[in-house]
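Indexing begins at 1, ligand by ligand and atom by atom, following the structure's order. Just so it is clear, the structure is predicted and the values come from calculations on it, not from any experiment.
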Amino acid sequence: MGIVICQYDILEIMTDVKYTDGDIKACAPTVIVVMGATGDLTKRKIIPALYKLFVKKHLPEKWAMVGFSRQALSDEEFQERMHDAVSAHSKENLEEKTEREFLKTISYVPGQFQENKDYASLAKELERIDLVWGMCSNKLFYLAVPPDFYKTIFENLDASGLTKPCGDPNWTRVVVEKPFGKNLETAQDIDRALGAVFKEEQIYRIDHYFGKEMVQNMLAFRFSNILFKNIWDNKTIEKIEVRLLETIGIEKRGSFYDGIGALRDVGQNHLLQVLALTTMEHPIEFSAISIRNARLKLLEELHNYTEESVLDNTFRAQYEGYKEEVGVDQNSTTETYFRIKTSLNNSRFEGVPIILEGGKCLGEEQKEVVITLQHPEKCLCPHGKHYKNTIIFHLAPKEGITIRFFAKKAGRGMEVQPRDFTFDFHGTDIATEHVGEYERLLIDCIIGDQTLFVQTKEVQAMWEFVDPIISAWQENKVPLEVYKKGSGEILEKAKL
Ligand code: BG6
C-alpha cells in the first residue's frame with residue numbers, strides 16, 4: 001500500500017495501485033463526462049486513450065465515464081459501442097477481462113444539449129456514482145461537440161449547478177477542443193461564455209500537437225543542450241519552416257472542413273504552436289505559467305499582415321475534385337493547401353523568414369520543422385558550392401531529429417558531401433514507453449497540469465495573425481490555385 005500525492009492538488013490518497021517511477025500519479029475519485037459521446041472524436045480518440053490509461057492503471061482508482069448525447073441509448077447499448085471503438089483502436093492490448101472491467105465504469109445519459117431538464121438527469125447520474133463511492137468526486141466535462149454547441153452547454157451546465165464542485169478540495173474542469181472559434185470575434189465570444197462559468201484554471205483547451213512526444217522533445221532539445229543555444233538567432237539561422245503536409249484528404253468531414261479550410265484547421269493552432277515552441281525564449285522556469293507565457297510572448301511577436309500585404313506573402317490552393325466531396329459546396333473556394341511567409345518582431349529572429357505550410361491530399365506525408373542555417377562566412381566549398389546545415393525535427397511519419405552537416409568524401413580530392421546525424425525515436429524507448437497524445441493530455445487534465453493547454457490570450461494572438469489572411473482570401477485578393485490529388489507539384493509552385 002503506498003501513499004500517492006497528487007502533485008497539483010496537494011491531495012493525499014491511499015491506494016493499492018503500484019507505481020513505477022515513470023507512472024503518472026493517481027488522483028482523487030474522478031468522473032469524466034463526455035458531451036457528444038456518440039460522435040467520432042469519442043470513438044477515435046477519447047475512448048481508446050481512456051482504455052489505455054485504464055490498462056496501465058494510470059486512472060484514479062475510483063473512476064467513471066458518463067456519456068451524454070442526443071441518441072436514446074441504454075447503458076448497455078452505449079457500452080457496446082464503446083467496446084467497438086476500443087476493439088477498432090486498441091487491438092494490441094485488448095484483454096477481454098480488463099476490457100469488461102473498463103466497460104463497467106461507463107454509463108450513459110441521453111440528452112439534448114439545449115434542454116435544461118436533461119442536465120438534471122445528468123446531475124442525477126453523477127450523484128448516483130458519488131453515492132456508490134460514498135464520497136464526492138471531481139468532475140471533468142469534455143466537450144466533444146462542434147463549437148456551435150459550446151455556449152448552450154456552458155449555460156446549461158451552470159444553470160443545473162454542475163459546474164460547482166460537490167465539496168472541498170474537489171474540482172470541476174472543462175475540456176474544449178479546437179477550433180476555438182472561426183475568427184477572433186467568435187473566439188472571444190466563446191471565451192466570454194466560458195469565462196462566465198469557469199475560471200481560466202478550470203479550462204483546458206486541447207491542441208493535440210502538444211501531446212506529441214516529438215513536440216515536447218523540441219523543448220528538451222532546445223533547453224537541455226548548450227550546443228545549440230548560441231546559434232538560435234538571426235546571426236546563424238537563415239530560415240525556419242514549419243510544415244504539416246498530409247496524404248489523407250478531408251475524410252468524412254466535408255461539411256465541417258468546408259467552413260474552415262486548411263489554415264484554420266491546422267495553421268491557426270498546430271503550426272503556430274509548434275513555431276512558438278521552436279522560437280520562444282527560455283521560460284523563466286519549467287512551470288505551466290512560465291512555459292505558457294513564453295509561448296504567448298512569441299505568438300504576440302508574430303508579424304501580422306494587413307489585408308493588402310497578404311497577396312505577396314501567402315499562397316493557397318485546392319485539390320482537384322474537392323468540390324465533389326460529400327458536404328462540400330459546389331462553388332467552394334476553401335483552401336486545402338496554404339503556404340505563408342512571415343517573420344517575428346523581436347531582436348532574436350528579426351529578418352529570419354518563417355514559412356508555415358499545410359495541406360491535404362499531397363504526395364508525401366511530411367510533418368516537420370526545418371531550421372536552415374546560414375552558410376559559414378569562410379567556407380571550404382569547392383566548386384563554389386554553398387552548403388548549409390539544417391536541423392530537422394521530424395514529427396511524423398517517423399519521429400526523430402536530423403542534423404545535416406557536411407563531411408569530406410573519401411578519396412584524394414577535397415569534395416564535401418551532406419551527411420546526417422540522426423536520432424531516430426523508434427530505435428529508442430518510444431516503442432515501450434510511448435504515451436499517446438490523448439492519454440497524456442487527459443491525465444494532465446486530471447492532475448491539473450495546464451502546461452500543454454492553450455491559454456485564452458494565445459488563442460487570440462493566433463487569430464490576430466490568421467484573420468487578415470482569411471479575410472483577404474475570402475475577398476479573392478489571392479488567387480486560388482488547383483492541384484492534383486496525391487501529387488507534390490503544388491509545393492514547387494508555392495515558393496514565395
Ligand atoms: C487535426 C485536423 O487537428 O489535425 C486534421 O483537424 C488533421 O485535419 C490532424 O488531419 C493532423 O493531426 P496528426 O496528429 O495526424 O498530425
Side-chain angles (χ1 to χ4, degrees), residues 36 39-46 48-49 52 89 142-147 175-182 187 204-218 241-275 277-278 316-319 322 325-328 332 334-338 356-369 392-400 425 430 434-442 452-454 458-459 462-463 466 470 485-486:
D40 206 42
L41 184 70
T42 310
K43 274 185 255 163
R44 282 191 309 115
K45 301 287 186 186
I46 303 174
K52 283 190 190 138
H89 297 279
Y142 197 124
L143 270 59
V145 297
V175 182
V176 285
E177 278 278 343
K178 69 165 256 290
F180 311 118
K182 277 187 101 174
Y204 289 71
R205 296 179 192 81
I206 282 204
D207 181 325
H208 78 277
Y209 260 62
F210 279 142
K212 286 189 188 290
E213 199 63 64
M214 252 325 285
V215 172
Q216 289 174 50
N217 216 331
M218 291 176 69
E241 293 159 282
V242 187
R243 56 176 62 100
L244 200 163
L245 307 182
E246 301 182 275
T247 48
I248 57 164
I250 56 171
E251 298 176 298
K252 290 179 188 144
R253 302 190 301 159
S255 52
F256 162 79
Y257 194 90
D258 202 36
I260 297 279
L263 179 56
R264 283 193 277 217
D265 186 38
V266 299
Q268 186 271 345
N269 33 70
H270 308 327
L271 288 187
L272 288 179
Q273 286 292 357
V274 170
L275 174 68
L277 295 182
T278 311
R316 63 179 182 138
Q318 187 184 79
Y319 64 78
Y322 171 76
E325 300 268 15
V326 179
V328 171
S332 173
T334 297
E335 82 288 354
T336 57
Y337 168 83
F338 67 89
L356 302 167
E357 185 181 32
K360 298 265 185 206
C361 286
L362 294 161
E364 204 187 329
E365 185 182 359
Q366 245 180 317
K367 299 175 181 174
E368 62 186 16
V369 179
I392 308 170
F393 298 96
H394 307 276
L395 312 181
K398 259 191 155 182
E399 293 160 290
F425 235 43
I430 193 165
H434 187 267
V435 181
E437 296 139 15
Y438 276 80
E439 286 172 62
R440 184 187 308 270
L441 295 171
L442 279 164
L452 301 179
F453 296 84
V454 187
E458 290 175 84
V459 174
M462 293 189 287
W463 280 123
V466 162
I470 303 260
K485 259 168 122 166

Legend entry - Reference residue K212; test salt bridge (Lys or Arg N to Asp or Glu O under 4.0 Å); the match among E439, E399, E437: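 Considering E439, E399, E437, a salt bridge (Lys or Arg N to Asp or Glu O under 4.0 Å) with K212 is found only for E437.
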Inset, instruction - Under 4.0 Å from a heavy atom of K360: give me the atoms of ligand 1 that qualify, with their elements. - result: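 So the answer, numbered in order with elements, is 5 (C), 7 (C), 8 (O), 10 (O).
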Which residue owns the protein heavy atom closest to [atom], what's the atom, and how far is it?
atom	answer
atom 12 (O) of ligand 1	H208 NE2, 3.1 Å
atom 6 (O) of ligand 1	D265 OD1, 2.6 Å
atom 11 (C) of ligand 1	E246 OE2, 3.6 Å
atom 15 (O) of ligand 1	K367 NZ, 3.2 Å
atom 16 (O) of ligand 1	Y209 OH, 2.4 Å
atom 5 (C) of ligand 1	R253 NH2, 3.3 Å

Inset, instruction - Measure the distances from the heavy atoms of H270 to every atom of ligand 1 and state whether one is below 4.0 angstrom. - result: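 Per 4.0 Å heavy-atom rule, H270 contacts ligand 1.
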Inset, instruction - Decide whether the shortest distance between a heavy atom of Y257 and an atom of ligand 1 is less than 4.0 Å. - result: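 Under 4.0 Å: no for Y257.
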Inset, instruction - Could you check R243 against E241 for salt bridge (charged side-chain N to carboxylate O under 4.0 Å, His left out), going step by step and ending with a plain yes or no? - result: CA-CA 6 Å; R243 56 176 62 100; E241 293 159 282; 2.7 Å; yes
Inset, instruction - Could you label the plane-to-plane angle of the Y322 and Y257 rings as parallel, tilted or perpendicular, counting under 30° as parallel and over 60° as perpendicular? - result: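 Perpendicular, since the angle between the ring planes exceeds 60°.
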Inset, instruction - Could you check whether the rings of H270 and H208 sit parallel, tilted or perpendicular, using 30° and 60° as the cut-offs? - result: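 The arrangement is perpendicular - the two ring planes meet at more than 60°.
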Legend entry - K178: which of D265, V454, I206 passes side-chain contact (heavy atoms from CB on, under 4.5 Å):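 With K178 as partner, D265, V454, I206 yield a single side-chain contact (heavy atoms from CB on, under 4.5 Å), made by D265.
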Inset, instruction - Consider every N or O of E437 and every N or O of ligand 1, then say whether any pair is closer than 3.5 Å. - result: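 No: no nitrogen or oxygen of E437 is under 3.5 Å from one in ligand 1.
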Legend entry - Residues K45, D40: salt bridge by 4.0 Å N-O rule: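 Judged by the 4.0 Å cut-off on N to carboxylate O distance, K45 and D40 do not form a salt bridge.
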Legend entry - Of R316, E357, K360, the residue whose pairing with Y337 passes side chain to side chain donor-acceptor pair (under 3.5 Å):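 With Y337 as partner, side chain to side chain donor-acceptor pair (under 3.5 Å) holds for just one option, E357.
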